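All values reported here derive from a predicted model rather than from experimental measurement.
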Amino acid sequence: MIELNNKAEWDEQIAKQELTVAKFYTAWCPDCHRIDPFMPELEKQFKDQISFVSLDRDRFPELSQQLDIFGIPSFIAFKNGQELIRFVSKLGKSREEIEHFLQRAVQVASTLDE
């Protein structure tokens, strides 16, 4: 997962034609750390379909507010600068829920290619 460090990197990444999933997290979030052990496996599973990026919500307060990122971790899928689908809630997220979201993101993105 690529850690984005500034707004220019964000703008460049989400504008790409490839499907990008952004994970918003914070250093102090226990639910964010709970998903850390299995996220590399999910990234590997979807490596040919999704580019993964992460952003510390506390380092991007304006962007997080603009995107209505309140619950963390939160995931948003983008393609060609357009938001496709999101998984945002205040609740912790399981591996199965995140995997289902990623499958759905791939499905939605594939409809744009037709």
Side-chain angles (χ1 to χ4, degrees):
M1 188 167 298
I2 300 167
E3 179 75 22
L4 299 182
N5 296 303
N6 58 57
K7 180 78 164 60
E9 289 178 348
W10 166 258
D11 292 339
E12 180 182 337
Q13 184 64 46
I14 66 161
K16 291 183 178 181
Q17 192 169 3
E18 65 194 25
L19 175 60
T20 297
V21 169
K23 175 185 87 170
F24 287 83
Y25 72 96
T26 65
W28 51 264
C29 165
D31 288 337
C32 298
H33 295 294
R34 198 180 81 231
I35 70 171
D36 286 344
F38 62 77
M39 282 306 297
E41 295 169 19
L42 290 176
E43 290 173 54
K44 185 176 180 182
Q45 180 180 338
F46 289 93
K47 70 178 167 64
D48 295 330
Q49 300 166 299
I50 301 172
S51 265
F52 290 90
V53 298
S54 61
L55 298 95
D56 184 331
R57 185 189 74 174
D58 290 345
R59 292 187 58 215
F60 293 89
E62 298 86 15
L63 179 62
S64 296
Q65 184 176 2
Q66 175 187 349
L67 293 172
D68 293 327
I69 304 296
F70 298 110
I72 48 172
S74 290
F75 298 85
I76 304 179
F78 291 90
K79 186 172 181 170
N80 295 323
Q82 176 184 357
E83 180 181 327
L84 305 181
I85 186 173
R86 61 173 50 207
F87 183 23
V88 177
S89 74
K90 65 180 180 175
L91 304 175
K93 291 150 185 72
S94 70
R95 178 190 176 119
E96 293 76 21
E97 290 171 320
I98 295 170
E99 187 171 9
H100 177 74
F101 165 76
L102 296 173
Q103 291 167 344
R104 184 74 179 119
V106 169
Q107 285 179 323
V108 171
S110 70
T111 64
L112 298 176
D113 295 332
E114 298 174 352

> Would you find more than 12 non-hydrogen atoms of other residues, nucleotides or ligands less than 6.0 Å from His100 atom NE2?
no
> So, do Lys16 and Ser51 sit near enough that their side-chain heavy atoms are less than 4.5 Å apart?
no
> Would you check if Asp56 and Phe24 make a side-chain contact, meaning some heavy-atom pair closer than 4.5 Å?
no
> Taking atom OG1 of Thr20 and atom CG of Leu84, what is their separation to the nearest 0.5 Å?
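Answer rounded to 0.5 Å: 9.5 Å.
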> Considering only residues two or more places apart or on different chains, which pairs with a residue in residues 59-77 satisfy side-chain hydrogen bond (donor to acceptor under 3.5 Å, both in side chains)?
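Checked against side-chain hydrogen bond (donor to acceptor under 3.5 Å, both in side chains) - neighbours excluded - the pairs reaching residues 59-77 are Asn5-Arg59.
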> Minimum heavy-atom separation for Ser94 to Phe38, with atom names?
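Taking every non-hydrogen atom into account, C-CZ, 4.0 Å.
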> Report the distance from atom CD of Glu3 to atom OG of Ser54, rounding to the nearest 0.5 Å.
3.5 Å
> I want to check something: taking the side chain as every heavy atom from C-beta on, are Lys79 and Leu112 in contact at a cut-off of under 4.5 Å?
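The answer is yes; the side chains approach within 4.5 Å.
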> Would you list the pairs meeting ring-ring contact (aromatic ring centres under 6.0 Å, His included) in which at least one residue belongs to residues 48-81, sequence neighbours left out?
Trp10-Phe78
> Identify the heavy atoms of Thr26 and His33 that sit nearest to each other, and give their distance.
O-NE2, 4.2 Å
> Any side-chain heavy atom of Gln103 sitting closer than 4.5 Å to one from Glu99?
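SC-SC contact between Gln103 and Glu99 confirmed.
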> Check step by step if side chain to side chain contact (heavy atoms under 4.5 Å, CB included) holds for Ile76 and Val21.
CA-CA 6 Å; Ile76 304 179; Val21 169; over 6 Å; no
> If every non-hydrogen atom of Lys7 is compared with every non-hydrogen atom of Leu63, which pair is closest and at what distance?
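Scanning both residues, the minimum pair turns out to be CE-CD1, 4.5 Å.
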> Does Met1 belong to the same Ile/Leu/Val/Met/Phe/Trp/Tyr cluster as Phe46, with side-chain heavy atoms less than 4.5 Å apart forming each link?
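Linked, Met1 and Phe46 end up in one cluster.
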> Under 4.5 Å between any side-chain heavy atoms of Arg95 and Leu42, yes or no?
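Arg95 vs Leu42: side chains touch.
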> Identify the two heavy atoms, one from Val53 and one from Gln13, that lie closest to each other, and give their separation to 0.1 Å.
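That closest heavy-atom pairing would be CG1-CG, 3.6 Å.
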> I want to check something: taking the side chain as every heavy atom from C-beta on, are Asp31 and Lys93 in contact at a cut-off of under 4.5 Å?
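They are not in contact (no side-chain heavy atoms under 4.5 Å apart), so the answer is no.
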> Using 0.5 Å steps for rounding, measure from the CD atom of Glu83 to the CG atom of Leu67.
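Here the interatomic distance stands at 6.5 Å.
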> Within the 4.5 Å heavy-atom criterion, are Pro73 and Ile35 side-chain neighbours or not?
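In contact.
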> With the 4.5 Å side-chain cut-off for hydrophobic clustering, are Ile14 and Leu4 part of the same group?
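Yes, Ile14 connects to Leu4 through the hydrophobic network.
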> Which heavy atom of Phe101 sits nearest to which heavy atom of Ala77, and what is that distance?
CZ-N, 4.0 Å
> Does a donor on one side chain sit under 3.5 Å from an acceptor on the other, for Glu18 and Gln49?
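Gln49 and Glu18 do not have a side-chain donor-acceptor pair below 3.5 Å.
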> Check step by step if side chain to side chain contact (heavy atoms under 4.5 Å, CB included) holds for Phe87 and Glu97.
CA-CA 9 Å; Phe87 183 23; Glu97 290 171 320; 3.7 Å; yes
> Enter the distance from Ile72:CD1 to Asp58:CG here, rounded to the nearest 0.5 Å.
6.5 Å
> Does some side-chain heavy atom of Met39 sit less than 4.5 Å from a side-chain heavy atom of Ile98?
yes
> Does Gln45, at its CD atom, have more than 12 non-hydrogen atoms belonging to other residues, nucleotides or ligands within less than 6.0 Å?
yes
> Could you give the distance from CG (Asn6) to CD (Glu12), rounded to the nearest 0.5 Å?
9.5 Å
